[in-house]
Number of protein chains: 2
Amino acid sequence: MNSCAFRGQAIFKEAGIMKIAEPTVERLVLYYRLLSQLHNEERRVVSSQEIGEMLGLKASQVRKDLSYFGEIGKRGVGYHVDRLYQHISNILSPNRVWKIALVGVGRLGEALLGHKALRSDKFKLEALFDNDPSKVGQVICGIPCYDSEEMTEIIRRKEIEVLILTVPAGAAQISADRAVAAGTVKGVLTFATTAISVPEDVLVYRVDISVELEKLLFFLKGSVA
Amino acid sequence: MNSCAFRGQAIFKEAGIMKIAEPTVERLVLYYRLLSQLHNEERRVVSSQEIGEMLGLKASQVRKDLSYFGEIGKRGVGYHVDRLYQHISNILSPNRVWKIALVGVGRLGEALLGHKALRSDKFKLEALFDNDPSKVGQVICGIPCYDSEEMTEIIRRKEIEVLILTVPAGAAQISADRAVAAGTVKGVLTFATTAISVPEDVLVYRVDISVELEKLLFFLKGSVA
DNA sequence: AATCCCCCGTGATTATTATAACAAATGATT
DNA sequence: AATCATTTGTTATAATAATCACGGGGGATT
């Protein structure tokens with residue numbers, strides 16, 4: 001592990017920091033959840049084989065993912081649950097608490113406000129934005145809701161770094177523009193069904209429910225025939 | 001096009017039907033949306049280059065995706081908008097209207113009920129399920145809500161083929177089991193943060209909001225440093 | 001009609017991701 | 001202590017997906 005002439009799938013960036021592939025990070029989150037559960041069950045040790053079975057992955061995939069971050073397992077034994085749990089927790093933990101804002105307090109936005117995903121100590125939800133007068137000025141789920149018009153100013157003042165976009169397709173680009181104009185936004189998670197264009201140093205992740213449904217139906221057509 | 005000795009990335013299945021890769025299908029949906037928009041703008045012709053720019057893809061990617069389904073463009077000119085729109089529409093159209101049910105009428109479930117994604121003539125939402133007595137027996141957004149206990153029977157009777165799961169993690173597996181027990185379910189779109197296990201002929205797609213957020217934060221940590 | 005610039009379709013190439021295979025480490029058992 | 005059954009970490013290989021590169025059709029212009 002960690003020679004400079006590393007030639008595997010994880011690559012060293014110029015700065016010397018390892019670049020982890022997105023599918024690996026995605027699985028790390030799954031491992032983390034599973035480990036949390038095993039931890040609660042007071043399980044002591046688990047093998048890559050078992051992890052794979054529980055998550056529907058090959059054992060070799062599991063081992064490869066986990067090995068990117070050092071030799072954390074024990075040969076002939078497996079992975080010590082608490083140690084691995086702690087280890088993955090460290091990998092996934094941000095180096096600070098991110099300040100985030102949610103734009104679009106419609107049904108989906110409100111659903112997210114109550115969703116487990118937004119209950120994390122990795123970030124702090126500092127502001128909501130909407131253009132519905134009945135919502136602006138309110139405190140919803142403990143978070144103040146501001147007028148979308150004031151977005152740039154408030155995001156800048158509060159130094160919001162991450163944006164969750166739950167607005168209709170037509171409002172996605174303008175919302176992104178206003179937010180990015182503040183200069184503090186580094187990442188966006190959008191649920192809108194439109195592509196949004198942002199400066200290239202802003203990271204965008206998209207969750208597109210329609211696309212997932214369409215894919216499901218497409219492959220159903222093929223498999224059921 | 002369409003020799004039997006085809007050796008490209010799209011592969012013929014035994015039955016002679018072409019197998020399209022998932023990333024391609026995902027992009028087809030994006031092309032479809034874009035074409036719909038161009039159609040409304042009465043645009044006549046569009047090139048792979050332009051499509052790529054609008055969606056953030058390489059022109060060669062666009063051409064390759066579209067070429068899987070025959071020579072639909074015109075060399076030296078581009079793609080005829082209406083023709084391509086119709087063509088992609090045909091590819092994505094199911095050969096019948098799927099009957100679907102939504103399990104878990106909480107905030108997320110209700111958000112989906114109002115969401116554009118569920119407004120499609122490709123499927124018909126026939127039933128809701130929940131175990132909250134205040135919801136069971138109601139008609140919500142025009143769809144009757146039944147008790148989760150009766151799921152197997154009702155799904156069988158109504159011949160529901162696709163399931164949308166918006167239940168808490170703890171209820172995901174039991175819900176899937178009850179639904180699958182009916183014997184009619186072919187596909188599941190789950191929003192639960194647990195892996196569900198189903199017979200292997202049932203297709204499962206997962207939308208995991210927490211995972212997307214975690215990924216975003218992980219890569220932000222790396223890029224902002 | 002000859003020339004030019006466009007732009008598609010597709011084979012070749014490269015990049016990315018997943019899987020297989022195996023040496024080395026570990027603890028149990030004899 | 002020697003053997004055995006495990007199970008990791010890692011390299012090698014395979015599978016998948018994206019990109020390049022180019023042949024050739026197509027229309028506009030001279």
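We name chains A, B, ... by the order of the sequence lines, and we start the count at 1 in each one.
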| query | Within a reach of under 6.0 Å around CD of B:Glu200, are more than 12 heavy atoms found that belong to other residues, nucleotides or ligands? | reply |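 Not more than 12 within 6.0 Å, no.
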| query | If you pin B:Val46 and A:Arg27 to their nearest nucleotides in DNA chain C, which one's is more 5'? | reply |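 Residue closer to the 5' terminus by nearest nucleotide: B:Val46.
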| said: Both B:Val77 and A:Thr24 contact DNA chain C. Which one's nearest nucleotide lies toward the 5' end? | reply: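 Whichever sits nearer the 5' end wins; that is B:Val77.
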Separation of [N] [atom2] from [X] [atom1] (nearest whole Å):
| X | N | atom1 | atom2 | answer |
| --- | --- | --- | --- | --- |
| A:Phe69 | D:dG9 | CZ | P | 13 Å |
| A:Glu71 | C:dA23 | CD | P | 17 Å |
| B:Glu22 | C:dA18 | CD | P | 12 Å |
| A:Leu57 | C:dT17 | CG | P | 15 Å |
| A:Arg75 | C:dA25 | CZ | P | 6 Å |
| B:Ile51 | C:dC6 | CD1 | C1' | 15 Å |
| B:Leu66 | D:dT19 | CG | C1' | 16 Å |
| B:Ile20 | D:dA17 | CD1 | C1' | 13 Å |

Below 4.0 Å: OP1/OP2 of [N] and any side-chain N or O of [X]:
| X | N | value |
| --- | --- | --- |
| A:Lys74 | C:dA25 | no |
| B:Tyr79 | C:dC6 | no |
| A:Ser48 | D:dT7 | no |

| What does B:Ile72 touch in the nucleic acid at a heavy-atom separation under 4.0 angstrom: a base, only the sugar-phosphate, or nothing? |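 Result for B:Ile72 = sugar-phosphate.
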| message | Just to be sure I understand the rule, does B:Ser47 reach a base, reach only the sugar-phosphate, or reach nothing, if contact means heavy atoms closer than 4.0 Å? | response |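 The answer is sugar-phosphate, as B:Ser47 gets under 4.0 Å only of primed atoms, P, OP1 or OP2.
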| Any donor-acceptor N/O pair under 3.5 Å between C:dT10 base and B:Lys64 side chain |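 For B:Lys64, whose side chain was compared with the base of C:dT10, there is no donor-acceptor pair (under 3.5 Å).
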| Base of C:dG9 paired with side chain of B:Arg63 (donor-acceptor, under 3.5 Å) |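 Answer yes: a donor N or O sits under 3.5 Å from an acceptor.
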Do the charged groups of [X] and [Y] touch, with an N to O distance under 4.0 Å?
| X | Y | result |
| --- | --- | --- |
| B:Glu214 | A:Arg33 | no |
| B:Arg107 | A:Glu110 | no |
| A:Arg96 | A:Glu161 | yes |

| query | Which nucleotide in the set C:dT19, C:dC8, C:dT17 lies at the smallest distance from any side-chain heavy atom of A:Gln61? | reply |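 From the listed options, C:dT19 comes nearest.
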| Closest listed nucleotide, where the reference is the side chain of A:Pro23 and the choices are D:dC20, C:dC7, C:dT17 |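 Among D:dC20, C:dC7, C:dT17, the one nearest the side chain of A:Pro23 is C:dT17.
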| message | On the six-membered ring of B:Tyr32, is B:Lys122 placed so that its NZ or CZ lies under 6.0 angstrom from the centre and within 45° of the ring axis? | response |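 Output yes; distance and angle both within limits.
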